J.: 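Provided herewith is a single structure, encoded as structure tokens, for subsequent inquiry.
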2 protein chains.
Amino acid sequence: MRRDTFQAIADPTRREILDLIACKPLNINALAGRFSISRTAVYKHLRILLECDVIEIKQCGRERYCMPKPGKISAVRDWLDAFELKLRDVP
Amino acid sequence: MRRDTFQAIADPTRREILDLIACKPLNINALAGRFSISRTAVYKHLRILLECDVIEIKQCGRERYCMPKPGKISAVRDWLDAFELKLRDVP
DNA sequence: GACCCATGCAACCAAAAGGTTTCACATATT
DNA sequence: AATATGTGAAACCTTTTGGTTGCATGGGTC
């Protein structure tokens, strides 16, 4: 299984999840409520985001709050920077 | 079929293709020669990159040279920028 | 203890992704 | 004209992806 940051943000639902929790941490049910797909489907996206290390989840009573984990996302920016640098060198 | 820039760069082979032709335009056979997979497989990746509008192909005799097409790639950078801006606002 | 509510997870499914082999065809080269 | 090279594309296969329903569990609350 290819589990890198590029894969993490390839899916539009996962990008939307990231956008949502970037503004405010949300527990899993609240998050799932924002989408038309099932909670389980959202949960699976969360697992992928977790595996890719772009989010973290903190337990709070019986709820678990999801929040972005900056760091790994920069891998994408790094690749983009390198790529566009090459374009500039040999246009 | 989800055919956006995020999808285009999600596959490592496609990123490698982009990296290669960013340095120097290559025809399809030359490009395929750089990978261990079949020419047809590389060709399929090229079609996806074409559909996502991140490369262009120029005919030159019987050869077709692939080169990056800047522009659409910026969609990724735009999303990244907006995302990290949100992180900065509500940390 | 009994009952909710939020979550984890297994089993299953259809479609898409990524690959292969094979053949067709167009353009150079001899 | 015959041959070699570069490419396009069909048919097929396996694995991954993204989704579902249904059930188990575990921490609050009454």
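Just so it is clear, the values below take in all heavy atoms, side chains as well, and ignore hydrogens, waters and symmetry mates. Just so we're on the same page: letters track the sequence lines, and every chain starts at 1. Quick caveat: nothing in here was measured; it's all calculated off a predicted structure.
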J.: Does A:Arg34 come within less than 4.0 Å of A:Glu16, counting only side-chain N to carboxylate O?
T.: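 Looking at A:Glu16 together with A:Arg34, the answer is no, because their closest N to O distance does not fall below 4.0 Å.
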
J.: Which other residues end up in the same hydrophobic cluster as A:Tyr65, if Ile, Leu, Val, Met, Phe, Trp and Tyr are linked when side-chain heavy atoms come under 4.5 Å apart?
T.: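 Hydrophobic cluster check, A:Tyr65: joined to A:Met67.
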
J.: Using the side-chain heavy atoms of A:Arg3, tell me which of these nucleotides is nearest: D:dT17, D:dT7, C:dT7.
T.: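 Between D:dT17, D:dT7, C:dT7, the one nearest the side chain of A:Arg3 would be D:dT17.
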
J.: May I ask you to verify if any side-chain N or O of A:Tyr43 is less than 4.0 angstrom from the OP1 or OP2 atom of C:dC9?
T.: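 Looking at the OP1 and OP2 atoms of C:dC9, one of them is under 4.0 Å from a side-chain N or O of A:Tyr43.
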
J.: Could you tell me whether B:Asp81 and A:Arg77 make a salt bridge, using a distance below 4.0 angstrom between a side-chain N and a carboxylate O?
T.: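 Result for this pair is yes, salt bridge flagged.
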
J.: If I take atom CD in residue B:Glu51 and atom P in nucleotide C:dG18, what distance separates them, rounded to the nearest angstrom?
T.: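 About 12 Å, once rounded to whole Å.
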
J.: I need the CG-P distance between B:Leu31 and D:dG6, as an integer number of Å.
T.: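 B:Leu31 atom CG is separated from D:dG6 atom P by 14 Å.
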
J.: Whole Å only: how far is the CG atom of B:Leu46 from the P atom of D:dG6?
T.: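 In whole Å, D:dG6 P lies 16 Å from B:Leu46 CG.
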
J.: To the nearest angstrom, how far is B:Arg47 atom CZ from C:dG18 atom P?
T.: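 Taking CZ of B:Arg47 and P of C:dG18, I get 14 Å after rounding.
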
J.: On the nucleotide C:dT7, are OP1 or OP2 found under 4.0 Å from the side-chain N or O atoms that A:Asn27 carries?
T.: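 Indeed, a polar side-chain atom of A:Asn27 lies that close.
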
J.: Only one of B:Asp78, B:Asp4, B:Asp53 clears salt bridge (Lys or Arg N to Asp or Glu O under 4.0 Å) with B:Lys72; which?
T.: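 Considering B:Asp78, B:Asp4, B:Asp53, a salt bridge (Lys or Arg N to Asp or Glu O under 4.0 Å) with B:Lys72 is found only for B:Asp53.
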
J.: Would a distance-only check, ignoring hydrogens and angles, find a side-chain to backbone donor-acceptor pair under 3.5 Å from B:Arg39 to B:Asn29?
T.: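 Answer holds: no.
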
J.: Atom CG of B:Asn27 and atom NZ of B:Lys58: how far apart are they, to the nearest 0.5 Å?
T.: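 Reported to 0.5 Å precision, the distance equals 15.0 Å.
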
J.: What is the separation between atom OH on A:Tyr65 and atom P on C:dA6, rounded to the nearest whole Å?
T.: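 Nearest whole value for this atom pair: 10 Å.
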
J.: Between D:dA9, C:dC9, D:dG18, which nucleotide has the shortest distance from any of its atoms to the side chain of A:Arg14?
T.: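 Of the candidates, D:dG18 comes closest.
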
J.: Let me have a per-nucleotide readout for nucleotides 19-30 of chain C, 5' to 3', with B, S or -, counting only protein heavy atoms under 4.0 Å.
T.: BBBB----BS--

